[in-house]
Peer 1: 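Pasting in a structure now, in structure tokens, and then I'll have a few things to ask.
Only a predicted model underlies this, so the values are computations on that prediction, with no experimental measurement involved.
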Amino acid sequence: MPVMSKTKLFSIYLLKAGFNHTNALKEGHALEEDAATALPEGARLYILDTPARSPWWRGFFGVQKDLLQASKGALIFLSIDDRSFAISFGQVYHHLNDYSYEYDFGLKVTLNSLDPNELKSADMVSPGTARRKRTQVAISTDLTFLDFDGNSEIIRSLTGKVKDEYKHIFKNATGSTSLKVGMKVAPQILPAVCQNLLELYESTAFHETFPNIQNISPVNDPAQVDDLNVSLLQAFNSRSDEIVLSIPEIVDYQDDKTCCFFRAEGTTSEIFPDITIEALWGFLDEINVTPESASSFRQYQLILCDVEGSPGRAYTVMRSLVYETPAAGDAAIFHLTDGSWYRAEAAFVERMTTYINDRCQPCHLPPYNHDRTVKGKQVYSEEAYNTAITAWDETFICLDQTDISPAGSTQVEPCDIYSVSHPGTDQATAEMYHIKISTRSAHLSHLFNQGVNSVELLKQEEGCSTKLKGLVADRVSAEIRDDFCAPLDQKKYSVIFGVISHKAEALRAENLPLFSRLSLMRTMQILELYAVRCSLVFIEDQSPKKEGHKKYHEINAVVSHDENGKVQVKPCAGQDGFDVDQEITHCPKEIRDALPGAQFRLQVSLKEGGKIRSHHGWDFDVVDEHGDD
């Protein structure tokens, strides 16, 4: 193969079938087709040739020297059989139509061409927690030393040295959407190179070399995302049981902002003590809104709040939906979480589900019916449930909100509930229950991490074990103290994750979203390495359904002027809880400008000390606008 004297860098994209230079560029692109003397036969050249301009910082700092900079680049289109390639030089790849190229081309070619023992760098993401990392090594190695976990992480990009049989084409490669390689080739050789790359892309050999690397993969192709979003919209509008609403971040049920309200089409819902898809459906029905496309979900909002409606964090509904669906002609499950789609191999999902089901146990804890009352409203309370366990059975100890962390470290709870199985025998084991309300949202992954963190400290830090022993000894009677502390001396633990849910216990792992299952399996595998048995139980939620309530009070108020002519707005008589002598502050301007004696029905919030506050932007109705005239 003829070669050039220097290595040149190439960034190569494979276009989808049906796309070529005539339709692969974005509408209104700034590239110009041009000719060149050394183009491969049949290739088409498009160049970016922007005029030179002075950089912004020249004037900002008063640089006197005449400085100019310009953006230059090119795209070369090559046709190979019935497919086309686009080779990018400079920052011009963004002129390609997002729907025109294969999003897995670079990674697949890299996986098929790299020597698995000669890897240099990997970009990875854990989709359940959205944690991203890049691992690089000075000496080539395999995926194990790049700290890749095929059961919980996704490879986004991979770099390394290629196998011997491909070194005549390139020696190193980086693959993601595109393939980035350095080559010593003449222009006329590029079609032959692309032919080899097409064969590498279509090969499935990487399944043997990297068997777990694509158990789960992101769906980046916008055309496929569009198809999946159509399925999502149909499921939403048909009120499918397969779609649920979740909070995409950790929720602290000891916090006061565990209620929510929705906002859509300029309208705000009432307050709901629990986050459910049924509440969202009911709100949209109430305002007579049916989403016409998945883009509507990016406009609707879920806002966390307290029982009075004071807002906290806000999320788009798209980020908050969790949905799984198969796809025609693909032996995989597609999962939506945190606004992004992922493809999971069906065999992997089945293996993971079986693994967890084998570790599910019948629940021996009492059902949940321990809501707390906050300002007259019922809300979930893990704290109340954990505290009540001790009264239900004295052999269970509440350790919720305690701490065993080393001095100077952040708090680490040993568990929520502590007990001992087979006390007084050689089989005595410390049972450490970690409790969480709901099968939804990212906080399940946080729950599982708590179980691992606690065991790691107890196994590795003697001081932490001593702290736990002290916590247990202080909470049990003298008669059973030795039996309850003995497993701690022997470091014999078991971890039980208890999930409070309305869902049927018989469904076991299928009650959990895909990435919660993924996180749980990884947690169980880690605990098994510590010789710690781990199990999952479902605690029946028997608490009453959490009905919604209005965000603010609605009362009648009357306008008056004091002796100095100052406008005052006060509650009308006969409304329980509202003092007729208490002024309502922050009223809308139209009310403050009204005639004395005018009456209105407006929204207010009742503050500490009986203070009453409205807001200039809140709705109100006129009861009597003429007042005393």
Side-chain angles (χ1 to χ4, degrees), residues 354-367 385-406 412-436 447-500 505 508-509 519-540:
T354 300
Y355 178 91
I356 296 172
N357 284 345
D358 289 344
R359 289 156 181 80
C360 287
Q361 300 292 334
C363 182
H364 300 297
L365 295 178
Y385 179 78
N386 293 335
T387 303
I389 293 291
T390 301
W392 171 75
D393 187 336
E394 65 178 8
T395 62
F396 289 88
I397 304 170
C398 178
L399 295 180
D400 189 12
Q401 301 184 59
T402 59
D403 182 22
I404 60 167
S405 64
V412 175
E413 289 183 0
C415 55
D416 292 312
I417 304 296
Y418 177 92
S419 188
V420 174
S421 64
H422 309 292
T425 71
D426 292 340
Q427 290 78 40
T429 303
E431 294 190 329
M432 305 169 70
Y433 289 83
H434 297 264
I435 309 296
K436 185 61 65 176
L447 172 76
F448 304 146
N449 287 335
Q450 282 181 323
V452 172
N453 292 341
S454 171
V455 167
E456 286 181 337
L457 281 178
L458 292 172
K459 288 281 189 177
Q460 298 172 11
E461 298 284 343
E462 191 59 39
C464 297
S465 183
T466 300
K467 283 186 177 182
L468 177 55
K469 188 175 178 180
L471 291 171
V472 171
D474 289 344
R475 287 165 171 77
V476 295
S477 63
E479 291 79 6
I480 62 174
R481 187 170 297 145
D482 289 344
D483 287 343
F484 268 61
C485 292
L488 301 180
D489 293 329
Q490 300 298 320
K491 295 189 180 296
K492 295 177 65 174
Y493 314 109
S494 69
V495 172
I496 302 101
F497 294 113
V499 179
I500 297 170
E505 181 181 6
R508 296 183 293 177
S519 177
L520 177 57
M521 183 176 73
R522 185 171 186 270
T523 293
M524 288 177 163
Q525 290 171 337
I526 292 172
L527 290 173
E528 286 176 0
L529 292 176
Y530 282 107
V532 172
R533 181 172 55 85
C534 180
S535 57
L536 173 68
V537 301
F538 288 95
I539 301 166
E540 183 182 0

Peer 1: Mind checking the CZ-CE spacing from R359 to M524? Nearest 0.5 Å is all I need.
Peer 2: 7.0 Å
Peer 1: Would you indicate whether the side-chain heavy atoms of I435 and L365 approach each other to under 4.5 Å?
Peer 2: yes
Peer 1: Side chains of I417 and L399, heavy atoms from C-beta outward: is any pair under 4.5 Å?
Peer 2: no
Peer 1: Does R475 pair with E394 as a salt bridge, N-O distance under 4.0 Å?
Peer 2: no
Peer 1: Using the rule given for side chain to side chain contact (heavy atoms under 4.5 Å, CB included), can you reason through V495 versus R533, listing the C-alpha separation, both sets of side-chain angles and the distance that settles it, and then say yes or no?
Peer 2: CA-CA 6 Å; V495 172; R533 181 172 55 85; over 6 Å; no
Peer 1: Is there a side-chain contact between P423 and V420 (heavy atoms, below 4.5 Å)?
Peer 2: yes
Peer 1: Can you see which heavy atom on C360 is nearest to which on A509, and at what distance?
Peer 2: SG-N, 4.4 Å
Peer 1: Got a second to check how far T466's OG1 is from I404's CD1, nearest 0.5 Å?
Peer 2: 10.5 Å
Peer 1: Would you compute the distance between atom CG of L468 and atom SG of C485 and round it to the nearest 0.5 angstrom?
Peer 2: 8.5 Å
Peer 1: Validate the cation-pi geometry between R481 and F484: distance from NZ or CZ to the six-membered ring centre under 6.0 Å, angle to the ring axis within 45°.
Peer 2: no
Peer 1: State, with a plain yes or no, whether a side-chain heavy atom of C534 is found less than 4.5 Å away from one of F497.
Peer 2: yes
Peer 1: When rounded to the nearest 0.5 angstrom, what is the spacing between OG in S477 and CD1 in I480?
Peer 2: 4.0 Å
Peer 1: In Å, rounded to the nearest 0.5 Å, how long is the span from CG of N449 to CZ of R522?
Peer 2: 8.0 Å
Peer 1: Look only at the side chain of N386 and the backbone of D400, and say whether a donor-acceptor pair between them is shorter than 3.5 Å.
Peer 2: no
Peer 1: Is a salt bridge present between E462 and K491, judged by a nitrogen-to-oxygen distance below 4.0 Å?
Peer 2: yes
Peer 1: Using the ring centroid of each side chain, check whether Y433 and Y418 are separated by less than 6.0 Å.
Peer 2: no
Peer 1: Quick one: do I500 and K436 satisfy side chain to side chain contact (heavy atoms under 4.5 Å, CB included)? Show the steps, please.
Peer 2: CA-CA 6 Å; I500 297 170; K436 185 61 65 176; over 6 Å; no
Peer 1: Report the distance from atom CG of N453 to atom SG of C464, rounding to the nearest 0.5 Å.
Peer 2: 11.0 Å
Peer 1: List the atom of F538, the atom of C363, and the distance in Å for their closest heavy-atom pair.
Peer 2: O-CB, 3.4 Å
Peer 1: Tell me if a side-chain donor or acceptor on T390 pairs with a main-chain N or O of F396 at a distance below 3.5 Å.
Peer 2: yes
Peer 1: Between K469 and D489, does any NZ, NE, NH1 or NH2 come within less than 4.0 Å of an OD or OE carboxylate oxygen?
Peer 2: yes
Peer 1: Check the surroundings of atom CG in D426: do more than 12 heavy atoms from other residues, nucleotides or ligands lie under 6.0 Å from it?
Peer 2: no
Peer 1: Kindly say whether Q450 contributes a backbone atom to a donor-acceptor pair with the side chain of S454 at under 3.5 angstrom?
Peer 2: no
Peer 1: Could you walk me through whether Q525 and Y355 pass the side chain to side chain contact (heavy atoms under 4.5 Å, CB included) test, one step at a time?
Peer 2: CA-CA 10 Å; Q525 290 171 337; Y355 178 91; 3.3 Å; yes
Peer 1: Quick one: are E413 and D416 in side-chain contact, heavy atoms under 4.5 Å?
Peer 2: yes
Peer 1: Closest approach of G451 and L527, non-hydrogen atoms and distance?
Peer 2: O-CD2, 4.2 Å
Peer 1: Shortest non-hydrogen contact from S405 to L457?
Peer 2: CA-CD1, 4.3 Å
Peer 1: Side chains of P366 and I389: closer than 4.5 Å at any heavy-atom pair?
Peer 2: yes
Peer 1: So Q427 and S421, do their side chains get closer than 4.5 Å, heavy atoms only?
Peer 2: no
Peer 1: Write down the atom of D403, the atom of K467, and the distance for their closest heavy-atom approach.
Peer 2: O-CD, 4.2 Å
Peer 1: Within the structure provided, determine whether M432 and S494 are in side-chain contact (heavy-atom separation under 4.5 Å).
Peer 2: no
